[in-house]
Amino acid sequence: MDDSVDVRNCQRCAALCESRSRIVNGVGPLDAELLFVGEAPGAQEDAEGEPFVGRSGDVLTDALRDRGLAREDVRITNCVRCRPPDNRDPTVEERENCRPYLDREIAAIDPAVIVTLGKVPSEQLLDRSVAVTKEAGELFDVRIADEPRRVLVCVHPAATLYDPSQRETFETALEAAVELFDGGDQSRLGDF
Ligand code: URA
């Protein structure tokens with residue numbers, strides 16, 4: 001628990017207060033160079049209190065490991081911190097309610113690159129509609145939390161499970177993200 005970025009209690013979304021077991025805060029170092037932003041917790045994340053620990057989390061963790069990065073080397077969070085009922089997409093209002101928490105986290109981490117996993121976080125952070133498959137791997141300069149930030153669009157890891165043709169798009173975008181900060185301070189597993 002980190003008081004500077006974690007949310008302990010929040011009652012802003014009546015439906016999500018009902019559907020959640022707990023608030024799922026981001027995990028990973030506060031000085032991470034790579035920040036992954038997903039949509040909202042699913043059933044497993046809600047049960048464990050950690051983002052991306054279900055099947056799509058395995059896809060992300062494996063893809064990081066294949067590039068010499070441990071999951072613990074990066075920061076992982078979501079646009080919305082509470083599990084929506086029936087795994088529906090979070091509403092615009094829910095995303096807006098949770099946005100100050102995301103902005104606070106982004107400001108605290110100040111990552112070199114923010115990787116948006118799927119449509120919801122891509123549209124939230126780029127503030128426009130995004131064709132994720134088409135724009136995956138592209139880097140955009142945007143102002144977030146009062147600073148210029150670099151946002152790299154990526155398909156959601158779950159998309160690779162539903163549609164194996166998305167795997168290459170996902171891997172290519174992830175490769176681009178890792179290359180962007182390669183040579184920075186963070187260690188690669190392979191160095192040890
Ligand atoms: N999908 C997301 O977008 N976030 C999670 O934490 C898990 C699955």
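Atoms within a ligand are numbered from 1 in the order they appear, just like the ligands themselves. In what follows, every heavy atom counts, from backbone to side chain, and hydrogens, waters and symmetry copies are set aside.
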Point to revise | Residue and atom name of the nearest protein heavy atom (relative to atom 5 (C) of ligand 1), distance in Å to one decimal | key: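 Nearest protein contact, heavy atoms only, for atom 5 (C) of ligand 1 is Ala40 O, 3.4 Å.
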**Study point:** Identity and separation of the nearest protein heavy atom to atom 1 (N) of ligand 1
**Key:**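 Answer, as residue, atom name and distance: His156 NE2, 3.2 Å.
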Exercise for review: Answer with yes or no after comparing the ring centroid distance for Phe52 and His156 against a 6.0 Å cut-off, counting only values under it.
Suggested key: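 Here the rings of His156 and Phe52 have centres that are less than 6.0 Å from each other.
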N/O to N/O below 3.5 Å, does that happen between [X] and ligand 1?
X: Asn78; result: yes
X: Phe52; result: yes
X: Pro41; result: no

Review point. Are side-chain N/O atoms of Asp46 and Gln44 paired as donor and acceptor at under 3.5 Å?
Key: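 Asp46 vs Gln44: no donor-acceptor pair found between side chains.
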**Study point:** Distance-only side-chain donor-acceptor flag, Glu105 / Thr77, under 3.5 Å
**Key:**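 There is such a pair between these side chains.
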Practice item. Pick one of side chain, backbone, both or neither for how Pro51 approaches ligand 1, counting any non-hydrogen atom pair under 4.0 Å. Key: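 For Pro51, the contact with ligand 1 is made by both the backbone and the side chain.
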Exercise for review: Between Ala158 and ligand 1, find which residue part has any heavy-atom pair under 4.0 Å and reply side chain, backbone, both or neither.
Suggested key: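 For Ala158, no heavy atom sits under 4.0 Å from ligand 1.
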Exercise for review: Please test Glu171 against Arg67 for salt bridge (charged side-chain N to carboxylate O under 4.0 Å, His left out), starting from the C-alpha separation and ending with a verdict.
Suggested key: CA-CA 10 Å; Glu171 298 278 349; Arg67 286 163 181 81; 2.8 Å; yes
Exercise for review: Using a cut-off of 6.0 Å, state whether more than 12 heavy atoms not belonging to Glu138 lie near its atom CD.
Suggested key: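 More than 12 within 6.0 Å, yes.
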Exercise for review: Determine, for Glu45 against Arg81, whether the closest basic-nitrogen to carboxylate-oxygen distance falls under 4.0 angstrom.
Suggested key: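 No salt bridge links Glu45 with Arg81.
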What atoms of ligand 1 come closer than 4.0 angstrom to any heavy atom of [X]?
X: Gly38; result: 3 (O)
X: Ser56; result: 8 (C)
X: Glu39; result: 2 (C), 3 (O)

Check your understanding: Is the charged tip of Arg128 near the ring of Phe140: under 6.0 Å from the six-membered ring centre and within 45° of its axis?
Key ->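 Yes, cation above the ring, under 6.0 Å and within 45°.
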